[in-house]
Asks: 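Structure in structure tokens, see below.
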Amino acid sequence: MIVAPLTTGEGPLGLLTLYRTGLKPFEDADLDIARQVAATAAAHLDNARRYRREHEAAAALHRRLQPNALPDLSAVEADYVYLPEGAGSGWFDVIPRSGTRVALVVGDVAGHGVEAAATMGQLRIALRTLTLQDLETDELLTHLDEVAAHVAASSGGDVGGPVATCAISVYDPVTRRCTMVRAGHPAPVVVEPDGTPLTVHVPEGPALGEGGGRVFPPRPWSSWPRAVCSPTARPASSSGGTGGRARTGEPRTPASTTFSRPPPAR
């Protein structure tokens with residue numbers, strides 16, 4: 001029998017025990033092989049343990065940075081489904097704007113883990129701050145692009161490379177107009193009152209992260225009563241209607257969905 005310890009720099013992990021059923025005893029060469037196997041197994045176990053700790057920390061941080069509840073909107077009903085795969089790096093938001101307008105946001109940060117979750121939180125907070133300044137829809141992404149470039153530079157990442165993608169839809173229930181803009185993100189999906197999904201052609205701007213005041217062309221779109229506007233993390237179909245709740249067609253798709261309704265009587 002050979003017993004070899006499984007150890008790492010943080011301490012012992014366990015023991016590797018080898019048995020031989022035959023009468024031939026172990027030799028010195030067998031001991032060397034056992035040491036090599038034990039060292040390799042200990043390294044793999046330690047890597048798996050470290051990955052699990054980082055994954056759990058990233059998932060907890062990611063959940064913490066997502067909205068706990070949607071805002072109370074006076075002229076729009078909002079709902080969402082968010083089913084991240086693992087720790088994820090995507091985010092969504094529903095942001096009230098001046099008047100009765102509302103901004104629907106989805107985005108996805110490059111990479112995974114704690115660093116990606118932290119970047120996601122920075123971009124989400126920055127976008128909420130920019131939205132409060134009542135900028136035009138395309139200007140939101142221009143300024144967010146500058147923020148993404150600064151985040152990449154300050155974190156020692158790939159300066160000028162893609163940091164995140166994002167899609168914004170600003171809906172005005174009074175005029176029933178929805179202005180959409182996107183940066184390297186799949187186009188939003190609009191669901192007609194009869195439940196038919198319609199992908200709106202929105203010019204695809206570059207992914208966020210380069211900065212330099214780049215232009216992101218918007219696409220205005222006129223809606224109808226009970227239409228559903230759903231930004232998605234990837235192309236997906238949504239279903240909705242009177243009294244229904246929006247649902248995306250596949251997992252890992254954050255979606256913010258609005259139903260138009262007339263403003264309350266004064």
Asks: Hydrophobic cluster mates of Leu132, side-chain heavy atoms under 4.5 angstrom, ILVMFWY only, any path?
Replies: none

Asks: So, do Ser169 and Trp221 sit near enough that their side-chain heavy atoms are less than 4.5 Å apart?
Replies: no

Asks: State, with a plain yes or no, whether a side-chain heavy atom of Met180 is found less than 4.5 Å away from one of Val170.
Replies: no

Asks: Taking salt bridge (Lys or Arg N to Asp or Glu O under 4.0 Å) as the definition, give me every residue that meets it alongside Arg50, ordered by chain and number, with sequence neighbours left out.
Replies: Glu10, Asp46

Asks: Specify the closest pair of heavy atoms between Leu208 and Cys166, including all atoms of both residues, with the distance to one decimal.
Replies: CD1-CB, 3.9 Å

Asks: Return the set of residues passing side-chain hydrogen bond (donor to acceptor under 3.5 Å, both in side chains) with Thr131 (not counting sequence neighbours), or none when no residue passes.
Replies: none

Asks: Taking atom types as modelled, is there a side-chain donor on Thr165 or Asp108 under 3.5 Å from an acceptor on the other?
Replies: no

Asks: Apply the test salt bridge (Lys or Arg N to Asp or Glu O under 4.0 Å) to residues Asp30 and Arg35: give CA-CA distance (whole Å), side-chain angles for both, the deciding distance (0.1 Å), then the verdict.
Replies: CA-CA 9 Å; Asp30 298 321; Arg35 293 190 188 98; over 6 Å; no

Asks: Does Thr119 reach the side chain of Val163, with side-chain heavy atoms less than 4.5 Å apart?
Replies: yes

Asks: Val147 versus Leu123: any side-chain heavy-atom pair under 4.5 Å?
Replies: yes

Asks: Nearest 0.5 Å, what's the CZ-CE distance between Phe26 and Met1?
Replies: 9.5 Å

Asks: Are any of the side-chain nitrogens in Arg177 or Asp172 under 4.0 Å away from the carboxylate oxygens of its partner?
Replies: no

